[in-house]
Amino acid sequence: MDKTLDNLIKESIHKSIKKYLIKESTLNKIEEYVNNYDCAILTAWRGNLKDETENTFKPKHISHNPSKRGEKIEGEYMNHNDEFSTEEKKFYNRELKAKLLSKGYGVTNVRGSYKESRLPEGQEESFFVVNLNNDENFKENIASLSEYYNQDSFIYSPKDTTEGFLIGTNAADFPGFGEEIPSGKFIKNVQSMFMSRIGNKGFSFTNGRKIEKDDPNNYDNNYEDDEPKTFQMRKQERMGENIIRDLHLETFNKYSINGKRAIMEIAKKVRCKLL
């Protein structure tokens with residue numbers, strides 16, 4: 001390739017990254033985007049290929065070039081049961097990010113909690129994506145990318161609403177290809193099974209309601225306040241979790257004050273009433 005042309009292409013890519021990469025990544029800013037734009041949360045992060053559609057990509061094994069720092073080498077195509085290495089997950093996530101930026105969408109990195117079908121909960125590198133240019137094909141484009149990278153689903157929130165929807169993009173049983181399931185409203189400063197984090201702050205689209213500390217009867221199983229817990233609080237929670245498994249009312253009074261408090265807190269969370 002002509003050297004001058006190569007430089008022009010690189011310069012164009014750098015300008016695009018500078019223009020659309022979201023630099024101010026705070027919960028308040030995320031909330032502002034949710035209120036005013038179409039938004040989505042998705043990733044290319046994957047344990048292994050499964051539940052593919054006809055549009056699922058055919059990934060290759062990725063390794064680094066030992067003679068040139070940062071350069072990646074594409075090897076053989078991955079077999080169906082091959083596990084993605086961390087290096088491969090990051091490589092395809094960077095590829096996804098480049099595609100999102102090339103479409104003029106705002107992109108910021110978030111850390112997500114997820115649960116692939118039939119697998120335990122895990123953590124992944126995800127992207128919070130904003131339709132800054134009000135592209136009328138935003139939802140369809142995000143769905144196509146999510147399907148291409150073999151994702152079970154992605155989160156979509158339409159413009160002028162804080163509601164989120166879980167949209168299926170492969171052949172997994174849940175939520176099902178093309179199915180749209182309401183996931184709830186945007187709420188910040190929470191912990192949830194399906195949440196994302198900016199820095200050390202969590203946010204989620206959930207059907208729950210926020211816990212109010214001053215109201216002992218206001219509780220919810222879907223999520224909890226995203227605030228650090230003291231050693232004593234964690235100790236009481238563990239105590240309560242162990243006790244609640246085989247709790248009998250007649251044995252309740254045998255425990256200490258701290259133990260009783262822990263039991264009551266856990267009981268509230270699972271909607272039990274100790275009378």
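Any value given below was found using the heavy atoms of this structure, including those in side chains, with hydrogens, waters and symmetry copies removed.
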(request) Indicate whether any N or O donor in one side chain lies under 3.5 Å from an N or O acceptor in the other, for Asn141 and Tyr105. (result) yes

(message) Return the CG to CZ distance between Asp51 and Phe177, rounded to the nearest 0.5 Å.
(response) 12.0 Å

(message) Against Lys72, only a single residue in Glu88, Glu95, Glu87 fulfils salt bridge (Lys or Arg N to Asp or Glu O under 4.0 Å); can you say which?
(response) Glu87

(message) Using 0.5 Å steps for rounding, measure from the OG1 atom of Thr162 to the NZ atom of Lys188.
(response) 12.0 Å

(request) With the side chain counted from C-beta on, respond yes when Asn133 and Lys103 share a heavy-atom pair under 4.5 Å apart, and no when they do not. (result) no

(request) State whether a side-chain donor-acceptor pair under 3.5 Å links Tyr149 with Asn93. (result) no

(request) Please step through side-chain contact (heavy atoms from CB on, under 4.5 Å) for the pair Lys139 and Asp38, ending with a clear verdict. (result) CA-CA 8 Å; Lys139 180 181 177 183; Asp38 296 315; over 6 Å; no

(request) Using side chain to side chain contact (heavy atoms under 4.5 Å, CB included) as the criterion, point out the one residue from Ile142, Asn55, Asn170 that pairs with Glu147. (result) Asn55

(message) Check whether Tyr33 forms a cation-pi arrangement with Lys29 (NZ or CZ under 6.0 Å from the six-membered ring centre, at most 45° off the ring normal).
(response) yes

(request) Determine, using the 4.5 Å side-chain heavy-atom cutoff (strictly less than), whether Phe174 and Ile155 are members of one ILVMFWY cluster. (result) yes

(message) For Glu74 and His61: C-alpha separation, side-chain torsions, deciding distance, then whether side-chain hydrogen bond (donor to acceptor under 3.5 Å, both in side chains) applies.
(response) CA-CA 6 Å; Glu74 295 188 24; His61 282 293; over 6 Å; no

(request) Verify the neighbour count for atom CD of Glu136: are there more than 12 heavy atoms of other residues, nucleotides or ligands below 6.0 Å? (result) no

(request) Measure centre to centre between the rings of Tyr156 and Phe165, then say whether the value is under 6.0 Å. (result) no

(request) For Glu52 and Leu49, work out which heavy atoms get closest and say how close. (result) OE2-CB, 3.7 Å

(request) Please assess Lys185 against Phe205 for the test side-chain contact (heavy atoms from CB on, under 4.5 Å), listing each intermediate value before the final yes or no. (result) CA-CA 5 Å; Lys185 293 184 177 182; Phe205 290 90; over 6 Å; no

(request) Look up atom CG in Leu166 and atom CD1 in Ile181, then write down how far apart they are to the nearest 0.5 Å. (result) 6.0 Å

(request) Check whether any side-chain heavy atom of Phe138 sits under 4.5 Å from a side-chain heavy atom of Tyr37, and report yes or no. (result) no

(message) So which atom in Phe128 and which in Val130 form the shortest heavy-atom distance, rounded to 0.1 Å?
(response) CE2-CG2, 3.4 Å

(message) Does atom CD (Glu76) have a neighbourhood of more than 12 heavy atoms from anything else shown, all under 6.0 Å?
(response) no

(message) Which residue is it: Thr43, Ile41, Thr169? I am looking for the one with a side chain to side chain contact (heavy atoms under 4.5 Å, CB included) to Phe154.
(response) Thr169

(message) Taking Ala143's backbone N and O only, do any of them form a donor-acceptor pair with Ser146's side chain (distance below 3.5 Å, no angle check)?
(response) no

(request) Using only heavy-atom distances, determine whether the side chains of Glu71 and His64 contain a donor-acceptor pair under 3.5 Å. (result) no

(message) Within this structure, what is the OG1-CG distance for the pair Thr108 and Leu100, rounded to the nearest 0.5 Å?
(response) 12.0 Å

(message) I'd like to know if Arg46 pairs up with Glu83 as an ion pair, taking the criterion as any Lys NZ or Arg NE/NH1/NH2 lying under 4.0 Å from an Asp or Glu carboxylate oxygen.
(response) no

(message) Can you tell me how far apart CD (Gln151) and CG (Leu96) are? Round to the nearest 0.5 Å.
(response) 8.5 Å

(message) Can a donor-acceptor pair be found, under 3.5 Å and without considering hydrogens, that links the side chain of Ser126 to the backbone of Arg111?
(response) no

(message) Is the ring pair Tyr148/Phe57 parallel, tilted or perpendicular, if the boundaries are 30 and 60 degrees?
(response) tilted

(request) Taking the six-membered ring of Tyr77 (Phe, Tyr or Trp), confirm whether the NZ or CZ of Lys60 is under 6.0 Å from its centre and within 45° of its axis. (result) yes

(message) For a side-chain hydrogen bond (donor to acceptor under 3.5 Å, both in side chains) check, start with the C-alpha distance between Asn81 and Asn48, then their side-chain angles and the critical distance, and finish with the verdict.
(response) CA-CA 6 Å; Asn81 294 322; Asn48 62 287; 5.3 Å; no

(request) Would you indicate whether the side-chain heavy atoms of Val129 and Leu42 approach each other to under 4.5 Å? (result) yes

(request) Output yes when a side-chain donor or acceptor of Asn131 lies under 3.5 Å from a complementary backbone atom of Asn134, and no otherwise. (result) yes

(message) So does Pro158 get a backbone contact from the side chain of Thr161, meaning a donor-acceptor N/O pair under 3.5 Å?
(response) no

(request) Find the distance between CG (Asn36) and CG (Leu132) and round it off to the nearest 0.5 Å. (result) 11.0 Å

(request) Take Ser67 and Asn65 through the test side-chain hydrogen bond (donor to acceptor under 3.5 Å, both in side chains) and record every step on the way to the result. (result) CA-CA 5 Å; Ser67 63; Asn65 186 347; 2.7 Å; yes

(message) What I'd like to find out is whether the side chain of Ser204 reaches to under 4.5 Å of the side chain of Ile187, using heavy atoms alone.
(response) no

(message) A quick test of your reading: do over 12 heavy atoms of other residues, nucleotides or ligands sit less than 6.0 Å from NZ of Lys90?
(response) no

(request) List the steps, then state whether side-chain contact (heavy atoms from CB on, under 4.5 Å) holds for Phe127 with Asn109. (result) CA-CA 5 Å; Phe127 303 112; Asn109 292 45; 3.8 Å; yes

(message) I'd like to know if the side chain of Ser183 and the backbone of Gly164 have a donor-acceptor N/O pair within less than 3.5 Å.
(response) yes

